[in-house]
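All heavy atoms count here, side chains included; hydrogens, waters and symmetry mates do not. A note on names: the letters A, B, ... follow the listed sequences, proteins ahead of strands, and every chain is numbered from 1.
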2 protein chains.
Amino acid sequence: MSVAALARAPSSRDKILDVAEGLFARRGYSGVGMREVADGVGLGKSSVFHHFKSKAELYSAVCIRILATIERALVGSLAIGGKPTLRLERCIGTLVDVLVDHPTYARLLLRSMFEDDDLPRDGPESESVHRAIGGVLEPMAALLREGMAAGELRVASVPHVLILLVGSMVFPFASGDFGHELLGADVFERDQVRRLKREALDLVRAGVGATHG
Amino acid sequence: MSVAALARAPSSRDKILDVAEGLFARRGYSGVGMREVADGVGLGKSSVFHHFKSKAELYSAVCIRILATIERALVGSLAIGGKPTLRLERCIGTLVDVLVDHPTYARLLLRSMFEDDDLPRDGPESESVHRAIGGVLEPMAALLREGMAAGELRVASVPHVLILLVGSMVFPFASGDFGHELLGADVFERDQVRRLKREALDLVRAGVGATHG
DNA sequence: GTCTATAATAGGATAGAC
DNA sequence: GTCTATCCTATTATAGAC
């Protein structure tokens, strides 16, 4: 991406992706029509089909863009270095920050993880999304393995711990009304984010860290 | 429910609920048509509308039935008694058992928590579902409060801990292909369930339990 | 309680003018 | 790149016969 690209006015393609991201996050793949997307951008339906040849392609483009953003933040955070436990905590902090900066992400991530049956199974789009998910998970799995090998983390099955962590980190920011009712305030409020982050870190420190006795 | 009811052949209403539960879990509210439900039961579309006057009513009936089942299992498990930590662990074990016995539950639960925007907002159905969710969460919150007051659990914000726990307990069994790829095996296989349960209990024991030093 | 028939609308996708 | 017009199918829901 060139420097000029940073200042360039957003293309129609980008605008479509932005609108679609918000809609898919709120109502899922089947709940959103191409007409609604087009209206949101201020284009005709056919123009949207000019940029994305099918709805499935648009959906996976949205997912891949999100996953790429998260992967970039994650590997950047991990590259700073430090002991595995320190990197794990920073990694979780970064993940939470990204999810909070982009309130559509958590919902879309969770949806993409269990809306397999919504999309045409095993299409080429589906594979690209799976690869992008792998790009996010692999660094975290490697970090867990390293921490366990170094004796800093409790030795456990990495994938099983990882799936629990993903659930507890991503779900709160996808929970919407449910979370609002439970906390008595919006999940994305500064104060709620701060407390969720602290609880998450405490849970991980104690729950995944090596037992000291 | 009478004793005779236990042996009675399932009514059309029950059959519709069963089929709809499976379909809604797989493809969500918008992804399922009433025709598909009717075909699955072996009825005409109009017959389904005779039993449920709208799609929204059918969906909330499915959600409420699930939440009632979970609540029943949960309060039954909590009624056995014991120290808060013991009850919390048994409660989590019971929750996992229910989710495993009914593979549609986890997905439908998560969907119902963040498909608020899918359904007509603030309708009477939506309120019934919210009340049913409260019936499941309240006993768990009370348990956490009791454990903290007794000094058995780390003192923390109950709702924030609860939302993390819900995410980590429910998400794995809703994760479908994603979980399958991560674990290298189906999430509902006996072995995977056993290991997930152990990791979840370890995480809770260490992560929520009082620090011993 | 179940059916056929129908209404009224919206869905994804394409053709072709400009 | 965007538009209008169109195709075909599916959608939720209702009316009324049996």
Sugar-phosphate only, base, or nothing, as touched by B/Val32 at under 4.0 Å among non-hydrogen atoms: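 Contact class for B/Val32: sugar-phosphate only.
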Rounded to the nearest Å, what distance is computed from the [atom1] atom of residue [X] to the [atom2] atom of nucleotide [N]?
{"X": "A/Ile16", "N": "C/dG12", "atom1": "CD1", "atom2": "P", "result": "14 Å"}
{"X": "A/Met34", "N": "C/dT14", "atom1": "CE", "atom2": "P", "result": "10 Å"}
{"X": "A/Phe49", "N": "D/dC3", "atom1": "CZ", "atom2": "C1'", "result": "15 Å"}
{"X": "B/Arg35", "N": "C/dA10", "atom1": "CZ", "atom2": "P", "result": "21 Å"}
{"X": "A/Phe52", "N": "C/dG12", "atom1": "CZ", "atom2": "P", "result": "15 Å"}
{"X": "B/Lys55", "N": "D/dT11", "atom1": "NZ", "atom2": "C1'", "result": "8 Å"}
{"X": "B/Leu58", "N": "D/dT11", "atom1": "CG", "atom2": "P", "result": "14 Å"}
{"X": "B/Lys53", "N": "D/dA15", "atom1": "NZ", "atom2": "P", "result": "15 Å"}

Donor + acceptor pair across side chains of B/Glu21, B/His102 (<3.5 Å): no
Distance below 4.0 Å between B/His50 side-chain N/O and C/dC3 OP1 or OP2: no
Any A/Ser54 side-chain nitrogen or oxygen under 4.0 Å from OP1 or OP2 of C/dG12: no
Test log, rule salt bridge (charged side-chain N to carboxylate O under 4.0 Å, His left out), inputs B/Asp202 and B/Arg205: CA-CA 5 Å; B/Asp202 283 354; B/Arg205 256 191 287 261; 3.5 Å; yes
Whether B/Phe24 and B/Tyr59 hold their rings parallel, tilted or perpendicular, with breakpoints at 30° and 60°: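 Ring orientation of B/Phe24 relative to B/Tyr59: perpendicular.
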Sole residue of B/Arg198, B/Gln192, B/Glu199 in side-chain hydrogen bond (donor to acceptor under 3.5 Å, both in side chains) with A/His160: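 For A/His160, the side-chain hydrogen bond (donor to acceptor under 3.5 Å, both in side chains) check succeeds only for B/Gln192.
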Steps toward side-chain contact (heavy atoms from CB on, under 4.5 Å) verdict (A/Phe171, A/Phe178): CA-CA 11 Å; A/Phe171 170 71; A/Phe178 168 77; 3.7 Å; yes
B/Lys197 and B/Asp97 ion-paired at < 4.0 Å: yes
Basic-acidic side-chain contact under 4.0 Å: A/Asp191, A/Arg194: yes
Neighbours of DNA chain D within residues 36-47 of chain B, by heavy-atom distance under 4.0 Å: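 Those residues are B/Lys45, B/Ser46.
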